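Just below is one structure, and these are the notes that go with it.
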Amino acid sequence: MKLNRRAFVGTGIAAATLSAPMVHAASHGKPKVVVVGGGAGGATAARYIAKDSAGEIDVTLIEPTRSYYTCFFSNLYLGGFWDLENLSHSYGKLASEYGINVVHDWATGVDRDAKTVALAGGGSVPYDRLILSPGIDFVEGSVPGWDLSAQNAMPHAYKGGSQTELLKAQIMAMPEGGTYVMVAPPNPYRCPPGPYERISMVAHQLKANNPTAKIIIADPKEKFSKQALFEEGWQKHYTGMVERIGPDFGGGNVTVDPAAMTVNIDGEVVKADVVNVIPAQKAGLICDAAGLTEGNWAPVDGHTMVSRLDENIHILGDATNQGDMPKSGFSANSQAKVAAMAVRGALTGSRVFPAKFSNTCWSLIATDDGVKVGAAYEPNDEKIASVSSFVSQTGEDAALRKATYEESIGWYEGITADMFG
């Protein structure tokens, strides 16, 4: 393999426990599409290409986990509304019903000249078009005192699965009257309302099981998504439990000590029982190492989600710098359908329609108290631009809030079916 800016052998990416010695699609001359990452973007794109090409394209999906745990809606598990199993999904139908070659391994490299993806288990997968949907990784040093070696002591729980389970266990083990501290991330990051829905769900759990406990948010942002809605909800449901320290009071000047379980907020040291550190974020490592990023994110053309740095690679979801769309599961799913249509058009000559996108982010504040924010988007030559938007309002009646929550559950069932068949 040619080791230059257009190729890399994975550095800092864990080796897979399950690997394939050599993977090649049995193409028989068919064009080959490889999708890296089996989340809301990647699984959707793989399924739509396989389904809509009716066997004309060989599709390989590379994803290390056999059970995918959604990060979106994981806060409901923390709050006690859902079990962990509600978040778990299998890739079985993508293989059995859609003929997708599902490879459970880490993609460790992209050789953009040879058009191959290297696997941790050895071997490589050739592609005609590559779709990267690797989600997020964290900016090293963004929270002084914290790195990935500290994630068991101070979990981020911003990737679904074991981290979410760990944070829940820590919350449930808090002593009576204990302190939970969240170090919130700077913009941009995955799921803008996510940290504040998490605060709501942690408060719901503590109100039921540890009502004298305290929650502190150290926040570097002056404002955040749905702020008025969350603050109204915290005052209504969790009076006196939640304290947010914004940048004017030192919320952006934070260091942590995982060994001592302390958080230093602008010189004031807080002894905590649980510390949830959500660091600054960037595109999944494979994007950066393959030379597909500018700064922390991967720039794409919003008409097709194709990389602005490689016309044979499309990039989806949280990893992208595409304009106005937030980094969310809904956004990734919406972008995946546009990319799938563009890929089919390029490889088979099928018709390609003008791209349109949408997003909604729901949040649960308390039992049957759901709120939402969303928008519709269209691409221009510079970015994906918002063309209309909506948001829940403060003071809404209980029936509307309950209906909003029920709508969110219906959406979760719909999107996971759309992803995994």
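Values below: all heavy atoms of this structure, side chains included; hydrogens, waters and symmetry mates excluded. A quick note: this is a predicted structure, and the numbers were derived from the prediction, not measured.
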Pairwise distance [atom1]([X]) to [atom2]([Y]) - rounded to 0.5 angstrom:
X    : Y    : atom1 : atom2 : value
I315 : Q322 : CD1   : CD    : 11.5 Å
I216 : I199 : CD1   : CD1   : 10.0 Å
W82  : F73  : CH2   : CZ    : 5.5 Å
R47  : M419 : CZ    : CE    : 11.0 Å
C361 : F330 : SG    : CZ    : 9.0 Å
S408 : F72  : OG    : CZ    : 12.0 Å

Counting distance only, does the side-chain N/O of [X] pair as donor-acceptor with the main-chain N or O of [Y] below 3.5 Å?
X    : Y    : result
S392 : V371 : no
S88  : E85  : no
K221 : P185 : yes
W362 : Y405 : no
Q163 : P155 : no
H104 : T65  : yes
E378 : K356 : no
S53  : I49  : yes

Please confirm whether K372 makes a cation-pi placement over W411, using NZ or CZ under 6.0 Å from the six-membered ring centre and within 45° of the ring normal. no
Is the Lys NZ or Arg CZ of K168 less than 6.0 Å from the centre of Y77's six-membered ring, within 45° of the axis? yes
Do NZ/NE/NH1/NH2 and the carboxylate oxygens of [X] and [Y] come within less than 4.0 Å?
X    : Y    : result
D369 : K402 : no
K159 : D137 : yes
K32  : D58  : no
D318 : R190 : yes
D368 : R401 : no

Between the side chains of [X] and [Y], does any donor sit under 3.5 Å from an acceptor?
X    : Y    : result
N333 : T44  : yes
S328 : N359 : yes
Y412 : T70  : yes
Y48  : D418 : yes

Restricting to non-hydrogen atoms, name the atom on [X] and the atom on [Y] that form the minimum distance, rounded to 0.1 Å.
X    : Y    : result
A203 : V242 : CB-CG2, 4.4 Å
I286 : G109 : CD1-N, 4.4 Å
I313 : R112 : CD1-CG, 3.9 Å
A107 : L119 : CA-CD2, 4.3 Å

Test ring pair (Phe, Tyr, Trp, His ring centres under 6.0 Å) applied to Y68 and H89, step by step: CA-CA 5 Å; Y68 181 82; H89 304 274; 7.5 Å; no
Name the orientation class of the two ring planes belonging to F230 and Y196 (parallel below 30°, tilted from 30 to 60°, perpendicular beyond 60°). tilted
